[in-house]
Amino acid sequence: MSQSVDASNRFHLRGNFAPVAEEITATDLEVEGSIPPELRGAYYRNGPNPATGTSAHWFVGDGMVHGIRLEEGRAAWYRNRWVRTRYISEGEGNVGLVDEQGRVDFTAARANTHIVCHAGRLLALVESSFPTELSRDLDTVGSFDFDGRLKTSMTAHPKFCPTTGEMHFFGCTFAPPFLTYHVADADGKLVHSEEIPVRGPTMIHDFALTASRAVFMDLPVVFSPESLGEGMPYAWSDDYGARVGVMPRGGPAADLRWFEVEPCYVFHPVNAYDAGDEVVMEVARYPELWRASSHDFGTATLHRWRFDLASGRVSEEPLDDRGIEFPRVDPRCETLQHRYAWTVGFRSVSGDPSLSSLVRYDLQTGTAVEHDGGPGRAAGEPVFVPASPDAAEDEGWVLALVYDQGADRSELVILDAARFDASPVATVKLPRRVPFGFHGSWVSDPS
Ligand SMILES: [Fe+2]
């Protein structure tokens, strides 16, 4: 991606969006409150942090992972490390997106969007490329292609089935095949890959999985090389249309059925599940995205889609009018009906970060509880950790990084999921600010 665009005045290089310059390690961190001793593992969060100090767009900075290790009621360490992809090891100008044969080179990775753990491998993800494997201490192991089986990029949003342990994901690129569906088994072996027909090179960031179906969003933000001057080669299209495809989980794609929906864009579904003949899917929905500029995000709100496989009808229902993003559910509920969803609440991703809070939705009662950390504080993606394998859906903790504008420092807050508007159970004081980023995971120690 070109670094020659003058992006110096863009929001993603200012304030707490701006990158940090050093990798540091700190041990035995200061803690307010009491860290639940059940939390034994590490919270990892990925986000863009351009090594050169600048990038053309928020989405194209080099990945940096911030990790906080919790054990025996203490915060044992914090460390941040760049994902040392080829852009860093070989130099910014020495890595091309296309190899000598003219094929997309999926080892060219920014690895800046998510970090997940499957079959014991910790993987930093970006949707344009192969995963990059990291050690638990955040050293970069290298590009990972499922022992040569993966022939496409990998989304940053794989779905994990709590019943089978499978990881379902897709690859989406600007060159044919535009969309490919993949399944890795519980042992991490890639066991299924199948092309999904879409109308063109659309930007598909995420998808959904139920106990019986996979759901793909074919929405009108499409490849647009002339938009590269704005930093991202994608733009809104009034002509592309908007539809959602529902197909049997694991294939075949020949049985995929498309449902036309109102034009919109969705980066992130909340979750999806089967309900009789219907697939129910909740999403953070933007009425449109990147019409004039890929630096303007607008506001997403919580919506519910219902796809009726018997009648072929789809219904769309707004559930709330507050701005949200980064929705998550209890990982034990992924693919199944959830009651609670946890999100960031804010008016605009490029607006005043002091406006962001955390929201707990109760989809059964249709209510929401907001955790507002106070003025000048901005929360990132909430991650729910159950108190035990058989704990109730709100019995556990919600972990999130919070930036304190006044102190110019960040904290890891640990909230009681059932008493969401109460003060944090524990606050881990980090030795530095953590730039606003994208997604993360709690990785428990093996029990
Ligand atoms: Fe995402």
Side-chain angles (χ1 to χ4, degrees), residues 1 57-60 97-98 103-104 106 110 113-114 125-129 150-159 168-182 193-209 213-247 251 253-269 272 279 281 283-298 300 303 305 307 314 316 325 438:
M1 198 67 67
H57 190 278
W58 191 28
F59 287 4
V60 298
L97 289 173
V98 177
R103 298 171 303 201
V104 178
F106 297 118
R110 293 290 180 186
T113 309
H114 202 348
L125 302 173
V126 67
E127 65 199 42
S128 57
S129 313
L150 184 63
K151 305 298 185 189
T152 75
S153 61
M154 176 174 172
T155 175
H157 288 286
K159 296 290 171 280
H168 292 237
F169 61 100
F170 63 91
C172 182
T173 56
F174 56 84
F178 301 123
L179 178 62
T180 308
Y181 174 35
H182 302 282
S193 296
E194 183 177 21
E195 183 180 347
I196 306 294
V198 289
R199 290 179 283 208
T202 174
M203 184 174 81
I204 304 179
H205 181 69
D206 198 345
F207 79 131
L209 191 71
R213 300 284 193 278
V215 186
F216 293 96
M217 296 177 288
D218 187 15
L219 302 176
V221 173
V222 298
F223 186 58
S224 167
E226 57 272 23
S227 301
L228 188 57
E230 275 290 309
M232 283 291 285
Y234 288 89
W236 180 264
S237 166
D238 283 324
D239 306 322
Y240 189 79
R243 58 184 190 165
V244 177
V246 180
M247 63 175 278
D255 291 344
L256 182 146
R257 293 174 59 185
W258 290 109
F259 294 80
E260 301 290 327
V261 296
E262 287 296 311
C264 64
Y265 194 75
V266 171
F267 283 107
H268 302 120
V279 166
M281 181 171 173
V283 298
R285 178 188 184 274
Y286 295 81
E288 66 174 41
L289 185 82
W290 297 357
R291 176 181 291 278
S293 167
S294 59
H295 299 280
D296 296 334
F297 285 81
H303 274 60
W305 283 327
F307 306 105
V314 56
E316 304 183 60
E325 249 302 355
F438 298 134

Can you list the residues that meet the side chain to side chain donor-acceptor pair (under 3.5 Å) rule with [X], with sequence neighbours excluded?
X	value
Ser237	none
Tyr265	none
Trp305	Glu316
Glu194	His192

Can you find a pair of side-chain heavy atoms, one from [X] and one from [Y], that are under 4.5 Å apart?
X	Y	result
Lys151	Ser193	no
Cys264	His303	no
Val215	Val244	yes
Phe216	Val198	no
Met203	Phe267	yes
Leu219	Val261	yes

Of all residues at least two apart in sequence or in a different chain, which pass the side-chain contact (heavy atoms from CB on, under 4.5 Å) check with Ser128? Val126

Could you list the residues that satisfy side-chain contact (heavy atoms from CB on, under 4.5 Å) with Pro177, not counting sequence neighbours?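 side-chain contact (heavy atoms from CB on, under 4.5 Å) list for Pro177, sorted by chain: Thr180, Glu195.
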
By ring pair (Phe, Tyr, Trp, His ring centres under 6.0 Å), Phe438 pairs with (sequence neighbours left out) Trp58, Phe59

With sequence neighbours left out, write down each residue that passes ring pair (Phe, Tyr, Trp, His ring centres under 6.0 Å) with His182, or none if nothing qualifies.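 Residues passing ring pair (Phe, Tyr, Trp, His ring centres under 6.0 Å) with His182: Phe169.
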
Do His268 and His157 get their side chains close enough for a donor-acceptor pair, meaning under 3.5 Å?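 Note: His268 and His157 side chains meet the donor-acceptor criterion.
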
For the student: nearest non-hydrogen atoms of [X] and [Y], plus distance:
X	Y	answer
Val104	Ala175	CG2-CB, 4.4 Å
Pro233	Leu228	CD-CD1, 3.9 Å
Arg110	Ser129	N-OG, 4.5 Å
Pro263	Arg285	O-NH2, 3.5 Å

Atom pair NE2/OG1 of His168 and Thr155 - distance to nearest 0.5 Å: 14.0 Å

Using the test salt bridge (Lys or Arg N to Asp or Glu O under 4.0 Å), find all partners of Asp218 that sit at least two apart in sequence or belong to another chain. Arg199, Arg243

Tell me whether Asp296 is salt-bridged to Arg291, with the criterion being a basic N under 4.0 Å from an acidic carboxylate O. no

Tell me, which pairs form a ring-ring contact (aromatic ring centres under 6.0 Å, His included) where one or both residues lie in residues 220-241, sequence neighbours left out?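 Qualifying pairs: Phe174-Phe223, Phe223-Tyr234.
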
Could you tell me how the ring of Phe259 sits relative to the ring of Phe307: parallel (under 30°), tilted (30 to 60°) or perpendicular (over 60°)? tilted

What pairs meet the side-chain hydrogen bond (donor to acceptor under 3.5 Å, both in side chains) rule with one or both residues in residues 255-264, with sequence neighbours excluded?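 Matches after skipping sequence neighbours: none remain.
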
